[in-house]
Amino acid sequence: MSCGQNSLYIHICEIAMVDILSVVFQRFGSQLHASGDIKLSSQPESSTLVVGDENINRSLLFLTALTAASEMGYKVLFFTQNQIQSLPVTVQDSSLKPENLKKIRFVYPNTLEELLEDVASLHELVPETAPFPTLLIVDGVERYVCVQDRPQQDSQSTAAHIVALLHDTAAFLKARSEKRQQSPCRVIVSYHPEWERRGGDVFAPDSILLVLERYLQVRCNIHKVINSGEAQNEWLLYLSGPGLQVDGYGKGEKCLGLQWHVVMQPNGALEFRPESAPKEETSQVQHSDCGNET
Amino acid sequence: MASCLPAVAEQLLQDLQKTYSEKSQIPDELLIALRFIFGSCTLQALDLVDQRAVTCVSSPSGRVVFQVLGGSGRLYTCYTSCHYCPCPAFAFSVLRRNESLVCKHILAAYLCQAMGLCQQEQVSDQHMTLILSGRAALDP
């Protein structure tokens with residue numbers, strides 16, 4: 001996995017979801033800005049919550065699914081309400097060819113009830129004919145939770161139901177996989193916060209987000225970067241949460257989270273590079289509720 | 001579900017399991033400790049234990065879930081690996097106010113498990129899917 005003397009070197013840990021993101025960052029990372037010896041891992045039971053606008057969320061999830069399926073041998077189940085008509089990101093790498101899409105099973109539940117039934121029925125799979133999934137991805141959980149006229153308390157309970165069922169299903173599949181010496185099952189869920197969808201107060205607490213964080217122990221925040229008042233095709237990505245462990249950042253220093261700069265190239269490809277220094281003064285982060293303002 | 005509780009609560013349930021297996025009753029000091037850790041829902045959960053309201057439901061696939069018969073006659077489904085209950089108290093006191101660790105249904109499932117007092121039931125895999133997705137929770 002070494003990319004050269006001055007390049008980013010991420011150890012791939014086999015124990016948790018965040019290791020897949022590590023591979024994504026490394027594969028699509030800019031070696032010009034990379035340095036240090038970084039080890040990303042998370043607690044075995046931790047799942048990941050991706051928080052950002054729906055387009056960048058979907059691009060990151062898609063890249064993660066494709067990388068996990070084609071390079072790490074994961075059996076990926078990708079739940080999304082909107083059918084994928086085209087590749088969200090241009091994948092130019094030879095090992096991530098579109099035919100690798102066949103390794104991902106896309107499921108399109110239209111309603112909350114369909115999503116719950118699709119997840120709940122996974123124990124019915126017969127491993128001899130259909131291998132158990134080892135990565136469960138739910139794109140845009142807000143579309144199932146934040147339905148018009150649903151009271152706030154019901155929305156919180158609904159969000160808890162979805163992620164608790166995902167967690168319980170992953171635990172069951174993990175136990176079954178261990179018997180068959182397969183990879184354990186991981187979960188990743190994306191959420192587009194209410195304040196970002198409605199353009200409201202960025203500091204208002206998002207009741208759904210609070211519930212999701214209770215169950216998903218690693219959080220991947222993605223915030224659009226604004227330069228001179230104009231939104232760029234750039235984002236700050238920050239990994240945090242009680243389930244995340246980051247060692248060896250810089251010269252042996254340890255930190256609780258890890259920040260990355262994500263740039264969408266003119267051809268649509270995403271490039272990741274680690275942010276080791278404070279962000280430039282000319283840039284502003286559009287939204288931040290993760291205590292990461294610079 | 002043990003991985004979801006603080007260490008002190010897990011230890012308390014282990015003490016309960018050991019003591020109850022030896023004496024077939026819960027000493028006062030353990031009751032006080034339960035009340036201290038789990039709060040006001042403890043007595044209600046113990047009532048559910050007395051009523052043998054907790055059923056451990058399993059299916060041929062190996063999937064397991066708890067169903068707790070509430071005082072109103074409604075069945076509440078609680079998962080085995082993490083905390084969730086569709087009851088209003090869980091939504092309000094646990095999720096919204098963050099005042100309680102669990103609701104009385106989840107605590108009853110913990111207590112019954114520790115005391116070996118769960119009812120056992122086998123269902124088909126298809127029925128298990130309905131239970132897990134919440135569609136069979138209303139059918140006691």
Side-chain angles (χ1 to χ4, degrees), chain A residues 43-47 109 111-127 132 150-180 185 187 205 207-217 243, chain B residues 1-7 10 56-67 74-103 105-106 109 122-138:
Chain A
Q43 293 162 3
E45 300 298 329
S46 297
S47 298
T111 62
L112 168 69
E113 291 72 24
E114 287 179 17
L115 174 66
L116 291 172
E117 189 169 348
D118 286 338
V119 177
S121 64
L122 291 177
H123 71 107
E124 295 183 40
L125 290 173
V126 180
F132 283 136
R150 178 175 288 158
Q152 183 196 50
Q153 195 163 314
D154 286 357
S155 296
Q156 285 185 302
S157 187
T158 300
H161 192 182
I162 293 171
V163 287
L165 178 59
L166 283 165
H167 190 287
D168 195 62
T169 302
F172 168 79
L173 295 173
K174 180 184 174 193
R176 295 297 298 265
S177 298
E178 283 171 353
K179 284 182 184 173
R180 305 174 69 85
C185 186
V187 173
S207 60
I208 307 299
L209 192 54
L210 292 174
V211 169
L212 296 173
E213 284 182 315
R214 174 186 287 269
Y215 292 90
L216 304 164
Q217 302 276 301
Chain B
M1 289 197 290
S3 63
C4 302
L5 283 177
E10 285 187 36
C56 181
V57 183
S58 55
S59 77
S61 69
R63 195 77 190 252
V64 179
V65 73
F66 291 109
Q67 286 204 301
R74 179 178 169 175
L75 275 176
Y76 295 94
T77 298
C78 303
Y79 299 130
T80 56
S81 68
C82 67
H83 295 163
Y84 171 73
C85 180
C87 77
F90 184 81
F92 187 75
S93 300
V94 180
L95 295 179
R96 188 170 181 187
R97 301 288 294 270
N98 209 18
E99 290 175 344
S100 306
L101 286 174
V102 291
C103 66
H105 306 108
I106 295 175
Q122 276 277 337
V123 297
S124 68
D125 284 339
Q126 292 74 22
H127 191 70
M128 176 60 81
T129 296
L130 293 178
I131 292 173
L132 292 167
S133 61
R135 290 173 56 193
L138 295 173

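Source: prediction; values computed, not measured. Lettering of chains follows the sequences in order, A, B, ..., and the numbering in each one begins at 1.
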So, the part of B:Val65 with a heavy atom under 4.5 Å from chain A: the answer is neither
What residues form a side chain to side chain contact (heavy atoms under 4.5 Å, CB included) with A:Ser121, not counting sequence neighbours?
-> A:Glu124, B:Thr129
Could you tell me which of B:Leu95, B:Val64, B:Val94 has the largest number of non-hydrogen atom pairs under 4.5 Å with chain A?
-> B:Leu95
Most contact-rich option vs chain B, by heavy-atom pairs under 4.5 angstrom, among A:Thr169, A:Asp154, A:Val211, A:Leu210, is A:Thr169
Kindly state whether the ring of B:His105 and the ring of B:Tyr76 have centres lying under 6.0 angstrom apart.
-> yes
For B:Phe90, is it the side chain, the backbone, both, or neither that has a heavy atom closer than 4.5 Å to a heavy atom of chain A?
-> side chain
Any residue meeting side chain to side chain donor-acceptor pair (under 3.5 Å) with A:His161, in chain and number order, not counting sequence neighbours = B:Tyr79
Are A:Glu117 and B:Arg135 close enough for a salt bridge, meaning some N to O gap below 4.0 Å?
-> yes
